[in-house]
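Numbers restart at 1 for each chain; the letters A, B, ... are given by sequence-line order, proteins then strands. Just so you know, these numbers use all the heavy atoms, side chains as well, and skip hydrogens, waters and symmetry mates.
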Amino acid sequence: MPLSTQSQADDEQYVLVASLDNARNLSNLLKAITFKDHAIFSATPNGLKVTVEDSKCLQANAFIQAEIFQEFTIREDSVGFQVNLTVLLDCLNIFGGSAAPGVSTALRMCYRGYGYPLTLFLEEGGVVTVCKINTQEPEEPVDFDFCSTNVTNKVILQSESLKEAFSELDMTSEVLQITMSPSPPYFRLSTFGNSGNAHYDYPKDSDMMELFRCDKTQTNRYKMSLLKPSTKALALSCKVSVRTDSRGFLSLQYLIRNDDGQICFVEYFCCPDEEVEEEWLQSVE
Amino acid sequence: MDCVVTGGNVKVLAKAIHSLSRIGDELYVEPQEDGLALRSVNSSRSAYACFLFAPLFFSRYTLPSGHTFRCKIAIKSVQAVFRSVATLEKTVEKCHIELDEQKNRLTFTLHCKHGLMKTHNLSFQDSESLQAVFDKDSYANVFRSHPRVLVDTVVHFPPSLEEVTVSVSDDRMWVRNHVEEEADRAKAMLTELCLASDEFDHFAVQAHNSVTFCLKELRGLLVFAESTGLPISMYFDEPGSPVVLSVTDSVLEGNFVLATLSDDPNHRKSNTRRACTPPPPPPPDDFMNDDMDCYLIAMDTSVAPGPSATGPPTPPSADSTCSKQSAAANHRTRLHSEEEEDETAESGRPPNKKFCSLFFGSVHPSSQMTTQPVTSQEVLASDSEEDGQ
C-alpha cells in the first residue's frame with residue numbers, strides 16, 4: 001500500500017491519523033448526514049464523530065468507531081475541528097467513487113492541529129491525490145439533552161418498511177406527525193397535504209417491528225423539511241430505532257452496515273414543532 | 001360508496017389510474033349501477049378516457065345510498081396512493097375505497113404486508129358528469145391485436161414525437177410519425193412501420209383512410225394493456241373523427257377516445273384564415289395551427305343532478321346532443337357561431353350524427369374552460385381563440 005509506506009517520522013507531527021482501505025466506508029456515512037455545508041469533527045480514542053446541524057432544531061451525528069479504520073492514531077484526548085462537508089465529500093470521491101467490486105479508493109486522513117488544514121491522501125490504482133481542506137474554528141454542537149432515562153416511547157423497525165413510507169410521504173405536508181401509543185394505532189406516521197391527509201399505521205405485532213415499548217400515548221409534529229435529510233440515512237440503514245422523550249424530542253438511530261459488513265450508527269435529533277416546543281422552553285426556565 | 005379491491009386487481013386499478021394520468025389532471029369518479037367509472041379528459045378536450053370496473057371486479061361493491069354521487073379529484077393525489085406500482089403486487093393485499101360523506105373525504109385504505117396500513121383521506125370536488133359521446137360500433141375500420149404488437153410498433157418512435165398517422169388498406173396497416181409542416185418534411189426523419197393483417201386478431205377495413213392522433217395517450221393505454229395482457233381494439237373512421245382505443249375484459253372496460261387531425265382541405269384553409277393574425281398571403285399548405293388542439297371531441301358534461309335524481313344520467317341521444325351543442329354555441333358571440341356554421345357549410349359535410357366533433361379554429365388554454373361556471377350550461381365546449389381576442 002503506497003499510503004502506509006509513509007515514514008513514521010512524518011506521522012508524528014499529526015495529532016490525528018486515520019486510514020481506510022475503502023474511503024466509501026466514510027463517504028457513505030457522511031452522505032447520510034449531508035444537509036448543511038459545515039460539519040464538526042470530534043475525534044477521541046474511541047473513534048470519530050461527525051456532527052451537522054440545522055437551525056438549532058436538527059442535529060445529525062455519524063459515529064465511526066476506531067475499529068472501522070485500518071489505522072487510527074490520536075495523540076490527544078480529543079481533537080476537534082470543523083470543515084466544509086461538501087468539499088470533503090468531493091475530495092473523497094475524487095476518483096469518481098466507483099462502486100465496482102475490487103475498485104476502491106484508499107484514504108489516509110491527517111490533521112496536524114489547530115490552524116492546520118485537514119490533509120487527505122487518496123490512492124486508487126497507484127495514483128495518489130493529496131487534498132488539503134482548510135479547517136474552521138469548531139462550533140459547540142447543540143446539546144439536545146436527549147437522555148435515555150427520559151425516553152417515553154421507543155420502537156425498533158426494520159428499515160425496509162419505513163423506507164417505503166418515507167418514499168411515499170406527501171411532501172406538500174409541512175409536518176410529519178408521529179404518534180406512538182400503547183394502544184392502537186400503536187405507531188402512526190401522518191401527513192397533512194394539499195390533497196388531504198394520509199396515515200401509515202404499523203401494528204405492534206408486525207414482522208417489521210423488532211421492539212415496541214410505548215408507555216404513554218404521544219403525538220408530536222416535526223417539520224418535514226427538517227426530517228427530509230434523514231431519508232438519506234434511512235436508505236443506507238437496515239434497522240432504525242425511533243424514540244421520543246417526555247419533551248417530544250425525536251431521536252432516530254440508524255444502524256448502517258458498510259461494504260465490509262461492519263456496523264456504524266447515524267443518529268438524528270429533531271425538535272418537535274409548535275406548542276410542545278414552548279412547553280419545553282418553560283421547563284428549561 | 002364502499003368497495004374493496006383485492007389481490008392482483010389492486011395493480012390493475014393502479015395501472016388504470018396511471019394511464020388515466022396520461023390524459024388529464026383530474027380523475028372523475030362515478031360509482032354507477034354497472035360499476036365504478038373512472039374518467040379523465042385532457043385540458044383541450046381532445047382526448048378522453050374512461051375505465052369502467054364492473055361490480056364483479058371488486059370483492060365488495062356498494063353504491064352510495066339514496067343518491068348519485070360523483071366527484072373529481074386531482075389525479076396526482078390518487079396516483080400518490082398507488083405510488084409504488086412496481087411493488088404494489090407484492091406489498092398490497094387489499095384496497096378499500098370508501099366515501100365519507102360527513103367529512104367529504106374519499107378514503108383509500110391499503111392493507112399491506114406486515115400489517116402496515118396506509119390510509120389516504122383525499123378531498124374531492126363535486127363535478128359534472130363527464131361522458132364522451134361516441135359509437136365505436138358504427139366505425140368503418142376495426143382492428144384488434146395483442147398489446148405487444150402495438151408496443152413493438154410505437155417503441156420505434158422517439159418519446160418526443162407527438163402524433164402518429166395510421167393508414168390502412170385491405171390487408172395492411174402503416175404507422176408513421178406525423179410531420180407537421182411541409183417545410184419540415186425535407187429535414188425530418190420519417191419512420192414508417194407496416195403491419196400485415198395477420199399480426200392482428202381482427203382486421204376489418206371498409207374505408208382506406210388514414211388518421212393522425214396523439215401518441216402520448218396511446219402509450220398510456222398500452223402500458224395498461226400490456227400489464228394486464230388484454231388485447232387492444234382500435235376503431236376509426238375518417239380523418240377528423242375520433243379514434244377509439246379500447247380494452248375489454250369480463251370485469252372491466254377501458255375506452256380511450258382521441259381526436260384526429262382533419263384532412264379536409266377546406267378545413268385547412270379555413271383554419272389558416274382564422275388563425276393567422278395579419279395574414280400575408282399564406283403559403284398554400286401552411287396549416288400552422290392545424291394541430292390536435294384545433295379539434296375537439298364533444299363532451300356531454302351535464303350538471304350533476306341534485307339528490308332527488310335517481311340513477312346515472314343516460315347518455316343523450318345523438319340528435320339531442322347536437323341541438324344542445326348548438327344551443328351552447330349560441331351563448332357565445334355571434335361571430336363565433338356564424339363561423340362555425342360557415343365551416344360546416346364550407347366543408348360540405350353533414351353534421352355528424354353519431355358523435356359531435358366540434359371543429360374550432362383553435363382552442364384556448366384549458367384553464368379558462370375548467371373555471372367556467374357550469375351552472376346553466378348543459379354542454380361545455382371550449383371557447384375558441386376568437387372569443388378571447
**Study point:** Distance (rounded to the nearest 0.5 Å) between B/L116 CG and A/D207 CG
**Key:** 11.5 Å
Review point. So which part of A/L157 gets closer than 4.5 Å to some heavy atom of chain B, the side chain, the backbone, both or neither?
Key: neither
Point to revise | Within 6.0 Å of CD in A/E160, more than 12 heavy atoms from elsewhere | key: no
Check your understanding: In terms of heavy-atom proximity below 4.5 Å to chain B, should A/T172 be classed as side chain, backbone, both, or neither?
Key -> neither
Practice item. Go through the structure and list residues passing salt bridge (charged side-chain N to carboxylate O under 4.0 Å, His left out) with B/K118, not counting sequence neighbours. Key: A/E164, A/E168
Exercise for review: Evaluate whether atom CD of A/E174 has more than 12 neighbouring non-hydrogen atoms of other residues, nucleotides or ligands under 6.0 angstrom away.
Suggested key: no
Review point. More than 12 non-hydrogen atoms from neighbouring residues, nucleotides or ligands closer than 6.0 Å to NZ on A/K239, yes or no?
Key: no
Point to revise | chain A neighbours within residues 104-115 of chain B, where any heavy atom lies under 4.5 Å away | key: B/R105, B/H114, B/G115
Review point. How about B/E93: does its CD atom have over 12 heavy atoms from other parts shown lying under 6.0 Å from it?
Key: yes
Check your understanding: Atom OG of A/S195 and atom CD1 of B/I75: how far apart are they, to the nearest 0.5 Å?
Key -> 13.0 Å
Check your understanding: Got a sec: does the NZ of A/K232 have more than 12 other heavy atoms crowding it under 6.0 Å?
Key -> yes
Point to revise | Residue B/D25 excluded, over 12 heavy atoms near CG under 6.0 Å | key: no
Practice item. For atom CZ of A/R213, decide whether the heavy atoms of other residues, nucleotides or ligands shown that lie under 6.0 angstrom number more than 12. Key: no
Study note, to complete from the structure: What one should report as the nearest heavy-atom pair of A/G196 and B/S123 is N-OG, 4.1 Å
Point to revise | A/N194, part contacting chain B, at a heavy-atom distance under 4.5 Å | key: backbone
